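The chains referred to below are lettered A, B, ... by the order of the sequence lines, with proteins before strands, and numbering in each begins at 1. Everything numeric here is computed off the predicted structure, so don't read it as measured data.
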Amino acid sequence: MELGPFLNELWIVRYILLEGLWRTVSISLLAIVAGSLLGVLVGLALTYGALPLRWLMRGYTDFIRGTPVLVLVLASYYMLSTIGLQLNPFEAGVLALAVFCSSHVGEMLRGALQAIPRGQTEAAKVIGLTFHQAFIYVLAPQAIRHVLPTWVNTAAEMVKASTLLSIIGVGELLLTTQEIISRTFMSLPFYFFAGALYFVVNYGIERFGKYVERRTTIPS
Amino acid sequence: MTKLLEIRDLHKRYGATEVLKGVDCDMAKGDVVCVIGSSGSGKTTMLRCINMLEEFQGGTIRINDEEIGYETVGGMRRRKREREIARQRLLTGMAFQQFNLFPHLTALDNVTLGLIKVKKLSRAEARTIAERWLERVGLLARKDHYPGQLSGGQQQRVAIARAIAMNPLLMLFDEVTSALDPELVNEVLQVIKDLARDGMSMLIVTHEMRFAYEVANRVIFMNQGRIGEEGDPREMFVTPKTERLAEFLKTSTFR
């Protein structure tokens, strides 16, 4: 295979590809941020909520985690419109990914909070901290450290899952690549190039995670 | 003179199992009381009722004539509000068997947390108090170490400093040397002895008989959820009145 023609085509479509990459990054970012915020609420409800709320949230996380992300994406785009909620493909896709992300973050946070020995809460109580204060100053800092590595993993999963939005016509990196290929017939180099871009994004996320982990490790 | 601690007919159940079957206990200011007894006799549970780490179903606990944990409204006994209980917990300080230091905070920050967030002291004031107590337990030089960087004995001394810095009326010690390697036990017991010399009121659950003998002005022997015997350690340990205590002392090691 000649490299020249590919580089030539690549130069021609550089802005289109960049736009696709940017859309992938923004979809992922929005899904991770919204999903994590929602996930914190889910995790708190799972851990400290009154029993009915806990059951509800357990049902939510089990249901979402047991559903393929592609199904969530399709449901969010096609089903919500039937109940009058008109979302464009981008919004519907971000919503689906955020919901998916929230169920994972919620479950991670619950696990992390419950893994903290009971003695920590008791020690916080006996120095007079209220539950609220104990959570903020004692439990949360420990839970967050515990969750961090898995959370970074989830973030990388979101980037990969964003490719599923190509199915409902969101012009993210994969769909953009496919469109370019259908015009140039250079499937191998362009798929390879897209794969490399995904790798760079996820590798960056992973390095960032390692860095934060190093910074927050408790010396021992 | 009002009593510092007054426990009357304390009953505590876990489901169908009654672990405290009517315990009475009085302490005056400056008293050092050691609670001994075999495991499962209810000594730790009694301690944990005093600061409401455990709920109890019957009886009253008073500290400085203030009823702890429950109030009677219109003939109905009910738990006090969480905020009120949090305030009452400040009447006592507690050191645990497992230290329970906050692993993400340095020794100094472990001690200052309560001073800043609960007592609302400024950072500088809290630091001064914390450093004074860390010096008292011999760990000022390690104030910036995290719990994971300290030995068990050092962690326990920080935990004691954390409790005492809050200036409680009564210190509760729950088997504070049971999780320690034998060679680390003495440094912790020495800290408690020093506090006793200062006149700190303390209620100490312990398996260290020699320590109880030396430090306590009164010993309570608990047996199957009741107080089996109590009195001056010099008499109790030498001439136990009950057979149960005699048996218990025989199986205990004085070291």
Rounded to the nearest 0.5 Å, what separation is found between the [atom1] atom of [X] and the [atom2] atom of [Y]?
{"X": "A:Y137", "Y": "B:D109", "atom1": "OH", "atom2": "CG", "result": "13.0 Å"}
{"X": "B:N100", "Y": "A:T121", "atom1": "CG", "atom2": "OG1", "result": "9.0 Å"}
{"X": "A:L139", "Y": "B:F102", "atom1": "CG", "atom2": "CZ", "result": "9.0 Å"}
{"X": "A:I127", "Y": "B:M94", "atom1": "CD1", "atom2": "CE", "result": "14.0 Å"}
{"X": "B:L113", "Y": "A:L129", "atom1": "CG", "atom2": "CG", "result": "5.0 Å"}
{"X": "A:T130", "Y": "B:I85", "atom1": "OG1", "atom2": "CD1", "result": "12.5 Å"}

Exercise for the section: Below 4.5 Å from any heavy atom of chain A, which atoms of B:R48 appear? Answer side chain, backbone, both or neither. Expected result: side chain
Greater than 12 external heavy atoms within 6.0 Å of [X]'s [atom1]:
{"X": "A:R65", "atom1": "CZ", "result": "yes"}
{"X": "A:R215", "atom1": "CZ", "result": "no"}
{"X": "B:W133", "atom1": "CH2", "result": "yes"}
{"X": "A:Y198", "atom1": "OH", "result": "yes"}
{"X": "A:Y48", "atom1": "OH", "result": "yes"}

Handout entry: Heavy-atom pairs under 4.5 Å with chain A, option from B:L105, B:L101, B:T92 with the top count
Key =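 Result: the option with the highest number of such pairs is B:L101.
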Handout entry: Closest-packed option against chain A by number of heavy-atom pairs under 4.5 Å, given B:R83, B:Q149, B:H104
Key =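 If we count pairs closer than 4.5 Å to chain A, B:H104 comes out on top.
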Completion exercise
When the 4.5 angstrom heavy-atom criterion is applied to A:I218 and chain B, the contacting part is side chain
Practice task
Identify which part of A:Q133 has an atom lying under 4.5 Å from any heavy atom of chain B, answering side chain, backbone, both or neither.
Solution key: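 Contact with chain B involves the side chain of A:Q133 alone.
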Validation row: [X], [Y] side chains within 4.5 angstrom (heavy atoms):
{"X": "B:L53", "Y": "A:V126", "result": "yes"}
{"X": "A:P117", "Y": "B:Q98", "result": "no"}
{"X": "A:E122", "Y": "B:F96", "result": "yes"}

